[in-house]
Amino acid sequence: MEKEMEKERGAAACNLGRVEWGVGVGWECPSTYLSTPFGILFFSQFLYSNMDFLQTSEGRLFVGVAVGLVAVGASAYFIFSSKKSKVCLDPENFKKFKLVKKIQLSHNVAKFRFELPTPTSVLGLPIGQHISCRGKDGQGEEVTKPYTPTTLDSDVGYFELVIKMYPQGRMSHHFREMRVGDYLAVKGPKGRFKYQPGQVRAFGMLAGGSGITPMFQVARAILENPIDKTKVHLIYANVTFEDILLKEELDSLATNYPGQFKIYYVLNQPPEVWNGGVGFVSKEMIQAHCPAPASDIRILRCGPPPMNKAMAAHLEALGYASEMQFQF
């Protein structure tokens, strides 16, 4: 008789657990509920109000299982919460990030990789926006300049900048002098560009020199998103072949997404063997390699001031309304 009563008490206790712990999560995963503050409080109250039952063998077994579930739930909560990406940028204050790798790509271009606080941290930069970088020029005076990372928030734990360093550039001096282990002060995000997948049918992009970095960031975000079918048509102008930044990465995008990404290189001083454009970007090049004026397209511009001015004139002459254009 005593054993029958113990079984009934045990069944009642398990039934209570099934009802109470099942709120929102179900009996199938009580460890998740038990790992919460309310779950722990409920469990404590249950133990206090069922001391007689806990003296039985079924009660001891019940407690053992419940404690194990608490441990599993707490461990799972810690693991999953620790894996959540942490955004690092602060729009109001500069934060310092450690340089962990510097790769010289040419005599005046280098790729800089900066470490984020944790392996799962992300920079937190919206597509098409940039950061402000602070450093010191050759005279030791503070200087700030905007740059666009070539990485996305899908690249966790770090961000990269591809920098062209000009002889007289004040911020160029700072990057030229940077060594692995040094820190860069960064603030952001900055910028007026806002992008949502599918907001336009196609982008035309007119880039010159280091103006390729925001274009690359936008193009990569579009192409690596399987649900974004936006087409990208890029005209990229430079003086010489050696000046082309991110060429390997751009060519890889063209190879991997042939139906969605097209690129046309233009050089002012091309090599002897060259099948791209020659000279400056012309109206005829834009007509041939960019989407025609329409309400569902957008032309993006980023390059040296003289190029931006010339491209604005070309676009106006070709019938692209102001709302169809954006200059980084």
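All values below were derived from every heavy atom in this structure, side-chain atoms included, with hydrogens, water molecules and symmetry-related copies excluded. Keep in mind the model is a prediction, meaning the values are calculated, not measured.
When atom types are taken as modelled, the side chain of K194 and the backbone of I127 share no donor-acceptor pair closer than 3.5 angstrom.
K283 has no carboxylate O lying under 4.0 Å from a charged side-chain N of E316, or vice versa, which leaves the two without a salt bridge. One finds a salt bridge joining K164 and D243 here, because a Lys/Arg side-chain nitrogen approaches an Asp/Glu carboxylate oxygen to under 4.0 Å. Between R170 and E141 there is a salt bridge, since a side-chain N of the basic residue sits under 4.0 Å from a carboxylate O of the acidic one. Using a cut-off of 4.0 Å between Lys/Arg side-chain N and Asp/Glu carboxylate O, R220 and D155 are scored as salt-bridged. Between K98 and E115 there is no salt bridge, since none of the side-chain N atoms of the basic residue sits less than 4.0 Å from a carboxylate O of the acidic one.
Cation-pi geometry between K247 and Y265 is met: under 6.0 angstrom from the ring centre, within 45 degrees of the axis. Both the sub-6.0 Å distance and the 45° axial angle are not jointly satisfied by R298 relative to the ring of F203.
Side-chain contact between F112 and L184 is absent, with no heavy atoms from C-beta onward closer than 4.5 Å. Residues Y158 and V100 have side chains not in contact (no heavy-atom distance under 4.5 Å, counting atoms from C-beta outward). For the pair V156 and V122, the minimum side-chain heavy-atom distance is below 4.5 Å. Inter-residue side-chain proximity for P149 and I131 is flagged as met; some heavy-atom pair is nearer than 4.5 Å. Counting heavy atoms from C-beta outward, K95 and V186 have side chains that stay 4.5 Å or more apart. With contacts defined as side-chain heavy-atom distances shorter than 4.5 Å, the pair F114/Y183 does not qualify.
Residues F193 and F328 bring their aromatic ring centres within 6.0 Å.
Counted by atom type alone, Y195 and T230 present one or more donor-acceptor pairs between their side chains at under 3.5 Å. Side chains of N256 and S252: a donor-acceptor N/O pair is present below 3.5 angstrom, by distance only. For the residue pair T118 / S121, a side-chain donor-acceptor distance below 3.5 Å is found, with atom types taken as modelled.
Note that CG of D153 is 11.5 Å distant from CZ of F159, once rounded to the nearest 0.5 Å.
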**OP:** For the pair Y236 and F216, evaluate ring-ring contact (aromatic ring centres under 6.0 Å, His included) and give the outcome as yes or no after the intermediate values.
**Re:** CA-CA 11 Å; Y236 183 25; F216 177 74; over 10 Å; no
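Taking a 6.0 Å sphere around CZ of F280, one finds it holds 12 or fewer heavy atoms contributed by other residues, nucleotides or ligands.
V281 and H314 make their closest contact through O-NE2, 3.3 Å (heavy atoms, listed as atom of the first residue, atom of the second, distance).
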